[in-house]
Peer 1: 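Quick one: the structure is below, and I'll ask about it shortly.
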Number of protein chains: 2
Amino acid sequence: MPVPLYQAKAEFFRMLGHPVRIRVLELLQDGPMPVRELLANIEVERSNLSQQLAVLRRSGIVTSVREADTVVYSLAGPDVAELLGAARRILTELIAGQQGLLDELRATPSVGALSRGR
Amino acid sequence: MPVPLYQAKAEFFRMLGHPVRIRVLELLQDGPMPVRELLANIEVERSNLSQQLAVLRRSGIVTSVREADTVVYSLAGPDVAELLGAARRILTELIAGQQGLLDELRATPSVGALSRGR
DNA sequence: TGCCGAATTGAAGATTTCTTCAATTACTGC
DNA sequence: GCAGTAATTGAAGAAATCTTCAATTCGGCA
């Protein structure tokens, strides 16, 4: 392995680990979008958005093209939706699990939690 | 949204963004495994592994049970493999894309790169 | 009880990532 | 060319995460 695969994976997930970057990827799922419009949909300063876009661009997960006076961003590949979908499923599951744990605690105040993590 | 969803997603990905944590999740895909064995498979100090396991536990993606003198970890749900699979697909795609870009640059030294991001 | 190995915890310093600002580039229209 | 808008960049301080160490907990066993 030239660059250990698990390290590449870690970097990849770290690249996704920022609220603004997530929102950009979600917005781009509906198709290419100019920066101006991203800016209108995400509550963040222009230069901060640029910084986050630069992170996404460096990783290669999005591409940008200049069109007249605006810059348009697109997803680089079709698998991003799948990834975000998988993440959403796990999150839903995790939240449901925590909810289940809460219910369990409420129902039987003295036992239960011990068999779950922690 | 009580905690904005995109923030939860970002935290989730950040939780995945560490080589040791990735390796733990990959190892646990084959079934529950005691810490001792994780330690044998991952090159990291014991206390550092514990720290990373604590991060995974806090997020709820793994659970731990004490069995006699060892602690055994398991994945909390079945969707993790799917997520790692999606990530691998995208990574493959990204690396292939970069390779393609390199080929393109080699073939036509003066044009090409401009239409791709940056 | 006292000791041993397994694992976790808390804390401190080192490293990395975030945010923000001012400066700069790139394009359009006058 | 010059002014004006869109977007990016570089840099610096603030904030979060990593690594490592010593101390602690927990169960098993003599």
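In the text below, chain A, chain B and the rest are named by the order of the sequence lines, each starting its count at 1.
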Peer 1: CD of E37(A) versus C1' of dA7(D): gap in Å, rounded?
Peer 2: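 Rounded to the whole Å, the gap is 16 Å.
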
Peer 1: If you check the R21(B) side chain, which of dG28(D), dA6(C), dC18(D) turns out closest?
Peer 2: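 Looking only at heavy atoms from C-beta outward on R21(B), the closest nucleotide is dC18(D).
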
Peer 1: Any base atoms under 4.0 Å from S50(A), or only sugar-phosphate, or nothing? Heavy atoms, all strands.
Peer 2: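 If one applies the 4.0 Å heavy-atom cut-off, S50(A) turns out to touch a base.
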
Peer 1: Using whole Å, what does the distance between atom C1' of nucleotide dA26(C) and atom CZ of R36(A) come to?
Peer 2: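 These atoms are roughly 16 Å apart.
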
Peer 1: Nearest 0.5 Å, please: how far is CD in E26(A) from CG in L5(B)?
Peer 2: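 Reported value, rounded in 0.5 Å steps: 7.0 Å.
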
Peer 1: Could you give me the CA-CA distance, side-chain angles and deciding distance for E37(B) and N41(B), then say whether side-chain hydrogen bond (donor to acceptor under 3.5 Å, both in side chains) is met?
Peer 2: CA-CA 6 Å; E37(B) 208 167 327; N41(B) 281 277; 4.9 Å; no

Peer 1: 5'-most contact on DNA chain C: N48(B) or G17(A), nearest heavy atom basis?
Peer 2: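 Between the two, 5'-proximity favours N48(B).
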
Peer 1: If you look at every heavy atom in S64(A) and R57(A), which pair is closest and at what distance?
Peer 2: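 Scanning both residues, the minimum pair turns out to be OG-CD, 3.6 Å.
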
Peer 1: Round to the nearest Å and state the distance from L16(B) atom CG to dC18(D) atom P.
Peer 2: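 From L16(B) CG to dC18(D) P: 12 Å.
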
Peer 1: When we call it a touch if two heavy atoms are under 4.0 Å apart, what does R66(B) touch: a base, just sugar-phosphate, or nothing?
Peer 2: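 The answer is base, as R66(B) lies within the cut-off (heavy atoms under 4.0 Å) of a base atom.
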
Peer 1: Can you check whether Y73(B) has a side-chain N or O nearer than 4.0 Å to OP1 or OP2 of dT8(C)?
Peer 2: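 So the side-chain polar atoms of Y73(B) do come within 4.0 Å of the phosphate oxygens OP1 or OP2 of dT8(C), strictly under.
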
Peer 1: Among the candidates dT19(C), dC21(D), dA7(D), find the nucleotide nearest to the side-chain atoms of H18(A).
Peer 2: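 Minimum distance to the H18(A) side chain belongs to dT19(C).
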
Peer 1: Any side-chain N or O of Q52(B) less than 4.0 Å from the OP1 or OP2 oxygen of dT19(D)?
Peer 2: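 Affirmative; the distance criterion is met.
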
Peer 1: Which whole-number value in Å describes the distance from L49(B) CG to dA6(C) P?
Peer 2: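 The answer, rounded to whole Å, is 14 Å.
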
Peer 1: How close do V72(A) and P32(A) get, heavy atom to heavy atom, and via which atoms?
Peer 2: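 V72(A) and P32(A) have their closest heavy atoms at CG1-CB, 3.7 Å.
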
Peer 1: Which whole-number value in Å describes the distance from M33(A) CE to dA7(D) P?
Peer 2: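 Taking CE of M33(A) and P of dA7(D), I get 13 Å after rounding.
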
Peer 1: Could you tell me whether the phosphate oxygens of dT19(D), OP1 or OP2, come under 4.0 Å of any side-chain nitrogen or oxygen in R46(B)?
Peer 2: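 Negative; the distance criterion is not met.
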
Peer 1: Looking at dA7(C), I'd like to know if its phosphate oxygens (OP1 or OP2) sit under 4.0 Å from a side-chain N or O belonging to R57(B).
Peer 2: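 For dA7(C), neither OP1 nor OP2 has a side-chain N or O of R57(B) closer than 4.0 Å.
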
Peer 1: Below the 4.0 Å mark, does dT17(C) have OP1 or OP2 next to a side-chain nitrogen or oxygen of R14(A)?
Peer 2: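 Checking dT17(C) against R14(A), a side-chain N or O does come within under 4.0 Å of OP1 or OP2.
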
Peer 1: Does a distance-only test, which skips hydrogens and angles, find a donor-acceptor pair under 3.5 Å between the side chain of E67(B) and the base of dG27(D)?
Peer 2: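 No.
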
Peer 1: Does Q51(B) make a side-chain donor-acceptor contact with the base of dT20(D), cut-off 3.5 Å?
Peer 2: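 Checked by distance alone, the answer is yes.
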
Peer 1: For A76(A) and T63(A), work out which heavy atoms get closest and say how close.
Peer 2: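 That would be CB-CG2, 4.3 Å.
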
Peer 1: Between Y73(A) and L28(A), what is the shortest heavy-atom contact and its length?
Peer 2: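 Smallest interatomic distance, heavy atoms only, reads O-CD2, 3.5 Å.
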
Peer 1: May I ask you to say what S47(B) touches in the nucleic acid, namely base, sugar-phosphate or nothing, with a heavy-atom cut-off under 4.0 Å?
Peer 2: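 S47(B): base contact, heavy atoms under 4.0 Å.
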
Peer 1: Tell me: CG of L56(B) to P of dT8(C), nearest whole Å?
Peer 2: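 These atoms are roughly 11 Å apart.
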
Peer 1: What's L53(A) touching, base or sugar-phosphate or nothing? Going by heavy atoms closer than 4.0 Å.
Peer 2: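 Since only primed, P, OP1 and OP2 atoms lie under 4.0 Å of L53(A), the category is sugar-phosphate.
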
Peer 1: Whole angstrom is fine here: how far is it from CD in E11(A) over to C1' in dT15(C)?
Peer 2: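 Distance, rounded to whole Å: 15 Å.
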
Peer 1: Which part of the nucleic acid, if any, lies within reach of D69(A) when heavy atoms closer than 4.0 Å are counted: base, sugar-phosphate only, or nothing?
Peer 2: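 Sugar-phosphate contact only.
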
